[in-house]
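In what follows, a structure is listed as structure tokens, so that the remarks can point back to it.
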There are 2 protein chains.
Amino acid sequence: MAFELFDHEGFDATTVDAIAKRAGIGRRTFFRYFDSKNDVVWGAFTEQLDHMREQFARRPADEPLMESVRAVVVEFNRVDPEEVPRHRRRMELILRVPALQAHSTLRYGDWRAVVAEHAAGRLGEDPGALRPQAIAYAALGVSLAAYEHWLAEPGRQLCDVLDEALSELARGFSLN
Amino acid sequence: MAFELFDHEGFDATTVDAIAKRAGIGRRTFFRYFDSKNDVVWGAFTEQLDHMREQFARRPADEPLMESVRAVVVEFNRVDPEEVPRHRRRMELILRVPALQAHSTLRYGDWRAVVAEHAAGRLGEDPGALRPQAIAYAALGVSLAAYEHWLAEPGRQLCDVLDEALSELARGFSLN
DNA sequence: CTTCCATTTGGCACTCGGTGCCATATACCC
DNA sequence: GGGTATATGGCACCGAGTGCCAAATGGAAG
């Protein structure tokens, strides 16, 4: 709904008034459905994270930790082929519009918490400890690098790029 | 100057009007010195990045890449012992106040660019390529994890935590 | 159908960050 | 001292986001 406005006018130039009018609701009502204009772009992300948590729980207990992370993150980002163009436009907004880039950091915190939680379980440490947090932060980082690369290179499959980036991470970016 | 206000009232509750009044300047003038209220917290960060670039240039050419990254990032974050309390309060704001947490993402972009640039040089790739970007993103991530850990554990030295986290990264977070 | 109650809606006014415009003050040069 | 460039800051404006409250909506019960 509001995405047409973002596409045509740009995110910053699209006012909440315009979005509300387009949706046929009052401006005040808009802010009851979305905490902020930024949140329009991020749909039901929290629910998706529940799904990621389940995927982590399903991994075999003897699998190397970074291998689990790689597999789950790759699968988490697999989208229906016909949804790819929409996903692309959404991620273009998130990764390229400064306001969204900044705001998204807050959402990433929830994502990291899921990864850190699983890593902590595997390592027998507290989710707030250095290693689980470092792993979660690093996994997020290389995923974002993969997303940016995917946006810049229309030919490649997102999951392939993610797989490559997360494999490099598990390898410590060493040469061999 | 403005940091006393942030400490006493909190960042969000401190208005630009209050900061300007405290500084004895007009509100309009404030916005000529700082692009935003957020930028007050980030001082001369760009200049510091130039220094980081120089440090990278100084590393021996045969040093493993992730070793250079570790060494430079650790040194980049070494602060004068008497400045530690101030640094701590500053980083508490940056890492814990949501508005700053979000905004800081934009500054981190410049930081990552420096790391990616060096990594690209070493790998013989484009700075925008996947691996340099992934390395920069990952290095940033584990550094932030280290900072958070440092803030939570008053006993430890920041550089030690950074060193540990970046070493783990270079090891791919593997067990041995 | 009507009455009553709960929930949803959205108008209004306000705060605050940020910006463009323009008059004035300040500083520097001749 | 006069003249010019630059720094200052007042003013009005925009847009995001919020608290308050009145009106609309929609069931359930009579």
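Order of the sequence lines fixes the chain letters, A, B, ..., with proteins taken first and strands second; residue numbering starts at 1 for each chain. Everything quoted here is computed from the prediction, not taken from an experiment. The basis for the numbers below is simple: all heavy atoms, side chains too, and nothing from hydrogens, waters or symmetry mates.
Remark: Arg27(B) CZ to Ile25(B) CD1 distance equals 11.5 Å, nearest 0.5 Å. Here CD of Glu164(A) is found 4.5 Å from CZ of Arg156(A). Values are rounded to the nearest 0.5 Å. Atom CZ of Arg107(B) is separated from atom CH2 of Trp111(B) by 15.5 Å, given to the nearest 0.5 angstrom.
In this structure, the helix from dC1(C)-dG30(D) to dC30(C)-dG1(D) shows an angle of 10° between the axis at its start and the axis at its end, each fitted on 5 base pairs and rounded to 10°.
You can see that DNA chain D meets the heavy atoms of chain A within a 4.0 Å-exclusive cut from dG15(D) to dC20(D), reading 5' to 3'. If you walk DNA chain C from 5' to 3' and mark each nucleotide with an atom closer than 4.0 Å to a heavy atom of chain A, the marks span dT9(C) to dC12(C).
Ala120(A) pairs by the side chain to side chain contact (heavy atoms under 4.5 Å, CB included) definition with Pro127(A), Pro132(A), not counting sequence neighbours. With sequence neighbours excluded, no residue forms a side chain to side chain donor-acceptor pair (under 3.5 Å) with Gln48(B). Applying the side chain to side chain contact (heavy atoms under 4.5 Å, CB included) rule to Asp80(A) yields the partners Glu82(A), Glu83(A); only residues at least two apart in sequence or on another chain are considered. Checked against ring pair (Phe, Tyr, Trp, His ring centres under 6.0 Å), His87(A) has the following partners two or more places apart in sequence or in another chain: Tyr147(A), Trp150(A).
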In residues 9-18 of chain B, what donor-acceptor pairs under 3.5 Å come from side-chain atoms, sequence neighbours left out?
| residue | atom | partner | partner atom | Å |
| --- | --- | --- | --- | --- |
| Thr14(B) | OG1 | Leu5(B) | O | 3.3 |
| Thr14(B) | OG1 | Gly10(B) | O | 2.7 |
| Thr15(B) | OG1 | Ala18(B) | N | 3.1 |

Solution key, residues 29-36 of chain A side-chain donor-acceptor pairs under 3.5 Å, sequence neighbours excluded:
| residue | atom | partner | partner atom | Å |
| --- | --- | --- | --- | --- |
| Ser36(A) | OG | Asn38(A) | N | 3.3 |
| Ser36(A) | OG | Asp39(A) | N | 3.4 |
| Ser36(A) | OG | Asp39(A) | OD2 | 3.1 |

Kindly list each side-chain donor-acceptor pair under 3.5 angstrom involving residues 92-99 of chain A, sequence neighbours excluded, with atom names and distances?
none

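For CD of Glu67(A), the number of neighbouring non-hydrogen atoms (other residues, nucleotides, ligands) closer than 6.0 Å is greater than 12.
Grouped with Leu130(A) in one hydrophobic cluster are Val161(B), the linkage being side-chain heavy-atom contacts under 4.5 Å among Ile, Leu, Val, Met, Phe, Trp and Tyr residues.
Annotation: proximity of residues 17-36 of chain A to DNA chain C (heavy atom, distance under 4.0 Å) is found for Ile25(A), Gly26(A), Arg28(A), Thr29(A), Arg32(A), Tyr33(A), numbered in ascending order.
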